[in-house]
Participant: 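This is the structure I have questions about; it appears just below.
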Amino acid sequence: MFMWLMEQLRISIGTEILGIAFLVIIVLIIIGSSIKMVYEYERAVIFRLGRLLGAKGPGLFLRIPIVDRFVKVDLRVVTIDVPKQRIVTKDNVTVDVDAVIYYRVMDPVKAVTAVENYIYATSLLGQTVLRDVIGQSELDELLTRREELNKRLTQILDVLTDPWGIKVTAVSIKDVSLPESMLRAMAKQAEAERERRSRVIIAEGELQASKIMAEAAKAYQEQPVALRLRELQTLIDIARERNLVIIAPQALGEMATLIGTASKISEKR
């Protein structure tokens, strides 16, 4: 009888230990599922039975299992690659434009409650704004004033996404693709412009050369001996380049010498 009682006591103690162990395991599971953690660049927007409690984090926070549900929101700068859009500009030129959008979440509560999917919504809104702004611009403005268009796109998109708690930091037009016919026309225009500039430069050079030659002729007229020296220098240059023996008439040199001598005598008198 005593042995039977001891056996029953042992069975009851084992059952209690198993129950306590099971209860401890359940408590640990509940505590483990209640303690959550978010990083420094994240926030947790918590809903309790469907009602908004607010944003928690960074670090550890508690939630009631099954009752509470939370959504993680990343606060870092996010990059969206806007797909290539075929747009007709203000001067009726079809271009393919793609851009990049940089934004970050400033208010995680609004980003979760004000819009269903803020990433997808921002991407579609960026495509729409890009088409509107490029459609109101001319081709020359698109090619030469890209920085101004980027600033305009950033301002418009930032205003439209502000109710969602999103701050658009920058919008950059990445690439502009033109049709082949337009590229050929622009190449012809550039070639014609270069030809015009070359002709203007040649004409300006001829004008400057003519002025200098007129001044030189005037100087030679005043100093005939200089004309003889220039003639001799020219003959030396020709002989040096060709290795030739040059026989030149002396009539011009003697005449120049006589003219110079006569002019000096007249000056002395």
Side-chain angles (χ1 to χ4, degrees), residues 38-45 47 52 55 57 70-197:
V38 290
Y39 292 100
E40 184 69 29
Y41 54 85
E42 293 177 336
R43 296 296 183 271
V45 180
F47 296 89
L52 177 66
F70 71 95
V71 180
K72 285 185 180 181
V73 179
D74 198 329
L75 302 183
R76 293 176 293 182
V77 176
V78 180
T79 304
I80 296 179
D81 188 4
V82 179
K84 186 169 291 187
Q85 304 290 314
R86 177 157 292 183
I87 308 171
V88 179
T89 61
K90 189 177 180 180
D91 49 353
N92 297 325
V93 179
T94 303
V95 294
D96 294 332
V97 182
D98 57 349
V100 181
I101 301 174
Y102 301 90
Y103 75 93
R104 59 177 302 182
V105 177
M106 301 298 295
D107 191 341
V109 175
K110 288 184 179 180
V112 174
T113 58
V115 62
E116 181 180 0
N117 188 340
Y118 63 90
I119 299 177
Y120 183 65
T122 305
S123 177
L124 291 183
L125 187 60
Q127 297 178 26
T128 304
V129 173
L130 179 65
R131 297 179 69 89
D132 292 341
V133 173
I134 300 301
Q136 297 174 4
S137 306
E138 294 184 356
L139 180 61
D140 292 339
E141 184 179 1
L142 178 60
L143 297 177
T144 59
R145 299 181 180 178
R146 191 173 296 184
E147 290 296 330
E148 298 179 3
L149 291 177
N150 291 338
K151 292 180 180 179
R152 194 191 309 175
L153 288 169
T154 303
Q155 293 175 357
I156 295 174
L157 199 57
D158 186 30
V159 172
L160 294 177
T161 56
D162 186 66
W164 303 343
I166 294 175
K167 173 66 176 177
V168 178
T169 58
V171 178
S172 178
I173 297 176
K174 187 168 61 174
D175 186 25
V176 178
S177 300
L178 300 175
E180 292 295 331
S181 58
M182 181 58 63
L183 291 176
R184 288 194 295 268
M186 293 176 65
K188 291 181 180 179
Q189 180 182 1
E191 184 178 357
E193 180 65 21
R194 293 191 188 95
E195 183 68 22
R196 184 186 67 84
R197 291 180 183 178

Participant: Would you call Y118 and V78 a side-chain contact if the rule is heavy atoms closer than 4.5 Å?
Facilitator: no
Participant: Kindly indicate whether the side chain of L52, heavy atoms from C-beta on, has any atom under 4.5 Å from the side chain of V112.
Facilitator: no
Participant: Does any non-hydrogen side-chain atom of K84 lie less than 4.5 Å from one of S177?
Facilitator: yes
Participant: Would you call V38 and R43 a side-chain contact if the rule is heavy atoms closer than 4.5 Å?
Facilitator: no
Participant: If you draw a 6.0 Å radius around OH in Y39, do more than 12 non-hydrogen atoms from other residues or ligands fall strictly inside?
Facilitator: no
Participant: What's the separation between atom OG1 in T122 and atom CD1 in I166, rounded to the nearest 0.5 Å?
Facilitator: 3.5 Å
Participant: Short question: side chain of N150, backbone of R146 - any donor-acceptor pair under 3.5 Å?
Facilitator: yes
Participant: Nearest heavy-atom pair of L130 and I87: which atoms, and what distance?
Facilitator: O-CD1, 4.0 Å
Participant: I want to check something: taking the side chain as every heavy atom from C-beta on, are Y103 and L157 in contact at a cut-off of under 4.5 Å?
Facilitator: no
Participant: I need the single residue from K90, R145, R152 that forms a side chain to side chain contact (heavy atoms under 4.5 Å, CB included) with S137. Which is it?
Facilitator: R152
Participant: With no hydrogens and no angle check, is any side-chain donor or acceptor of D175 less than 3.5 Å from a backbone partner on D98?
Facilitator: no
Participant: So, for P108 and V45, which heavy atoms are closest and what is the spacing to 0.1 Å?
Facilitator: O-CG2, 3.7 Å
Participant: Given V129, which partner from the list I101, I134, I156 fulfils the side chain to side chain contact (heavy atoms under 4.5 Å, CB included) test?
Facilitator: I156
Participant: Closer than 3.5 angstrom, by distance alone: can the side chain of S123 be matched with the main-chain N or O of I119 as a donor-acceptor pair?
Facilitator: no
Participant: NZ of K167 to CG of D158: how many Å apart, nearest 0.5 Å?
Facilitator: 4.0 Å
Participant: With rounding to the nearest 0.5 angstrom, report the CG to OG1 distance, D107 to T113.
Facilitator: 7.5 Å
Participant: Can a donor-acceptor pair be found, under 3.5 Å and without considering hydrogens, that links the side chain of E42 to the backbone of E40?
Facilitator: no
Participant: Nearest 0.5 angstrom please: E147 CD to K151 NZ, how far?
Facilitator: 7.0 Å
Participant: How close do L139 and V95 get, heavy atom to heavy atom, and via which atoms?
Facilitator: CD1-CG1, 4.0 Å
Participant: State, with a plain yes or no, whether a side-chain heavy atom of E138 is found less than 4.5 Å away from one of T89.
Facilitator: no
Participant: To the nearest 0.5 Å, tell me how far Q85 CD sits from D96 CG.
Facilitator: 9.5 Å
Participant: Under 6.0 Å from the CD atom of E116, do we count more than 12 heavy atoms belonging to anything else shown?
Facilitator: no
Participant: Going by side chain to side chain contact (heavy atoms under 4.5 Å, CB included), L149 matches just one of V97, T154, V171, L142. Which one?
Facilitator: L142
Participant: Test side chain to side chain contact (heavy atoms under 4.5 Å, CB included) on K174 and V82 and set out the steps.
Facilitator: CA-CA 9 Å; K174 187 168 61 174; V82 179; over 6 Å; no
